[in-house]
Amino acid sequence: MKLSSIVVLLLFVLFPISSAMDKYDEMTTTTNDEANDMFMSWLVKHGKIYDTVEEKGKRFQIFKDNLEYIEQHNSGGHSYKLGLNKFADLSLEEYRLLYTMPKKINSKRKLNNVKSDRYFVRSGDVLPDSIDWRTKGAIGAVKDQGRCGCCWAFSSVGAVEAINQIVTSDLITLSEQELVDCDTSYSQGCNGGYTNDAFEFIVRNGGIDSDIDYPYIGMDGICNNNKKSKKRGSIDGYEHVPMNNESALQIAVVNQPVSVSIDSNSRDFQLYASGIYNGSCGIELDHAVVLGGYGTEDGKEYWIVRNSWGVEWGEQGYIRMERNIKDEEGQCGIAMHALYPIKNGYSIKNGLNLPKEATVFVPFLFLFLLEVSLSFI
């Protein structure tokens, strides 16, 4: 092939990425040719290749329909934007089938007698206006579960990674694949599971291996007992945040990242791009994520939620969900099924993070400082 032909081909492939996709932000209506240019740019960006011309045509029609939906939403003055993310060539039904759990999460299921009074709201609790555990080094990089319905493993592992970092100051990313392969109590690998069963497995097993040693493959596998015996992270138990109580959930998140379940079964959630999400959603919990903080923007309160769909979804893999809404279950049921792991050497005191040793030492420190202060009077 001549050099000039190669240059023309590169321009044809690369030009839409810098023009058609940029044009999208300012358009309210899109012609078929413009939609096709955007589709071609999207294919390159996401590395999509279809097996047949017919399949490509089908995907274009779905893409175009999603594009029209996105444009209509984004012109409506909402607090969040939709966009042409990695799911833009999927129908809502396909998205549900591929990326939400087939097994719905039962928030009222008995949780093995775990106590849930640690984070009750108490008189005198003073909480910070915001907290983001990413800035404290307790939350690792966004991961991608692919088309394996094991969000329950990613959610629970994320919370375990966090509490281990808080106690040891060492963030070790742990193995979701070990849970998929080896936790067969009630969970069913890529066919769905429960975060509490994942915590139960880690406690019973005495810990869990790293994801470097036991890497994620995105499908069900056979339990590797040699790797299962390696303990790179551990917990001593887990508890349930008081159900349907966003104030208790806030107290929990002040102290540590929390594993929560939500209803992600909506087109808006599928195509979410940025902003504070307050879209329509139910409380049929079908997806588990990590709650890593909270804050306020322009007077609107939000939760910081890490998803497991890679960085090509949402705000670099995160979604901010509206906080303290009128429904007690919270936005998309976020307050219905929230759990956190417990690790010895860590306890709470009036919303402050204090290791157990510090809770004993604090009174003596206070008396010492008081005596020093009085000596200068």
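Ile202 contributes atom CD1, which lies 12.0 Å from atom CG of Asp236 (distance to the nearest 0.5 angstrom). Distance check, rounded to the nearest 0.5 Å: CG of Asp209 to CG of Leu174 gives 8.5 Å. Here the CG atom belonging to Asp89 is positioned 13.0 Å from the CG atom belonging to Leu67, to the nearest 0.5 angstrom. Considering CD1 of Ile166 and CD of Gln256, their distance stands at 6.0 Å, rounded to 0.5 Å.
No side-chain heavy atom of Lys231 sits under 4.5 Å from any side-chain heavy atom of Ile208. In this structure, the side chains of Arg204 and Glu200 come closer than 4.5 Å at one or more pairs of heavy atoms.
Other residues, nucleotides and ligands contribute more than 12 heavy atoms inside 6.0 Å of the CZ atom of Arg323. Heavy atoms of other residues, nucleotides or ligands lying less than 6.0 angstrom from NZ of Lys227 number more than 12. Remark: Leu98 CG is packed, more than 12 non-hydrogen atoms of other residues, nucleotides or ligands lying under 6.0 Å away.
Using bins of under 30°, 30° to 60° and over 60° for the plane-to-plane angle, the ring pair Phe63/Phe60 lands in the parallel bin. Using cut-offs of 30° and 60° on the angle between ring planes, the pair Phe269 and Trp309 is perpendicular.
Exactly one of Lys58, Arg59, Arg267 qualifies for a salt bridge (Lys or Arg N to Asp or Glu O under 4.0 Å) with Asp65. That residue is Arg267. Tyr294 pairs with exactly one of Val254, Asp132, Asn324 by the side chain to side chain contact (heavy atoms under 4.5 Å, CB included) rule, that one being Val254.
Checked for salt-bridge contact, Lys86 and Asp144 meet the test: a charged N lies under 4.0 Å from a carboxylate O. One finds a salt bridge joining Arg96 and Glu93 here, because a Lys/Arg side-chain nitrogen approaches an Asp/Glu carboxylate oxygen to under 4.0 Å. Between Asp213 and Arg232 there is no salt bridge, since none of the side-chain N atoms of the basic residue sits less than 4.0 Å from a carboxylate O of the acidic one. Under the 4.0 Å criterion applied to side-chain N and carboxylate O atoms, Asp211 and Lys143 are assigned as salt-bridge partners. Residues Glu312 and Lys45 are not paired through a salt bridge, judged by the lack of any N-O separation under 4.0 Å between the basic side chain and the carboxylate.
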Decide side chain to side chain donor-acceptor pair (under 3.5 Å) for Trp313 and Gln270; before the verdict, give the C-alpha distance in whole Å, the side-chain angles of both, and the deciding distance to 0.1 Å. CA-CA 9 Å; Trp313 178 90; Gln270 171 191 349; over 6 Å; no

Working note: Glu176 + Gln145, criterion side chain to side chain contact (heavy atoms under 4.5 Å, CB included); need CA distance, chi angles, decisive distance, verdict. CA-CA 9 Å; Glu176 292 85 8; Gln145 69 186 68; over 6 Å; no

What do the steps show when you test Asn32 against Lys64 for side chain to side chain donor-acceptor pair (under 3.5 Å), and what is the final call? CA-CA 8 Å; Asn32 196 70; Lys64 184 181 176 184; 2.9 Å; yes

Start with the C-alpha gap between Val290 and Val260, add the side-chain angles, then the distance that decides, and say whether side chain to side chain contact (heavy atoms under 4.5 Å, CB included) holds. CA-CA 6 Å; Val290 177; Val260 296; over 6 Å; no

Checking side chain to side chain donor-acceptor pair (under 3.5 Å) for the pair Ser79/Lys300: CA distance, chi angles, key distance, verdict? CA-CA 9 Å; Ser79 63; Lys300 187 178 287 291; 4.7 Å; no

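Glu178 places no side-chain N or O within 3.5 Å of a backbone atom of Ser175 that could act as its donor or acceptor partner. Side-chain atoms of Glu329 do not come within 3.5 Å of backbone N or O of Asn244 as any donor-acceptor pair. Between the side chain of Asp286 and the backbone N or O of Thr100 there is no donor-acceptor pair closer than 3.5 Å. With hydrogens and angles disregarded, no donor-acceptor distance shorter than 3.5 Å links the side chain of Arg320 to the backbone of Glu315. Distance alone, capped at 3.5 Å, is enough to place a donor-acceptor pair between the Trp42 side chain and the Asn85 backbone. Side-chain atoms of Asp268 never come within 3.5 Å of backbone atoms of Leu82 as a donor-acceptor pair (strictly under, hydrogens ignored). At least one donor-acceptor pair closer than 3.5 Å links the side chain of Trp133 to the backbone N or O of Val253. Remark: the backbone N or O of Met219 is not paired with any side-chain donor or acceptor of Tyr216 at under 3.5 angstrom. At distances below 3.5 Å, at least one donor-acceptor pair connects side-chain atoms of Asn245 with backbone N or O atoms of Ala248. Checked by atom type and distance alone, the side chain of Asn66 pairs as donor or acceptor with a backbone atom of Leu90 at under 3.5 Å.
The two residues Ala198 and Leu179 come nearest to each other via the heavy atoms CB-CD1, 3.9 Å.
If you look at Tyr119 and Tyr340, their ring centroids are closer than 6.0 Å. Ring to ring, Tyr80 and His73 are close: their centroids are under 6.0 angstrom apart.
For the pair Arg134 and Tyr318, the cation sits on the ring face: its NZ or CZ lies under 6.0 Å from the ring centre, inside 45° of the axis.
A disulfide is not assigned to Cys190 and Cys150, since their SG atoms are no nearer than 2.5 Å.
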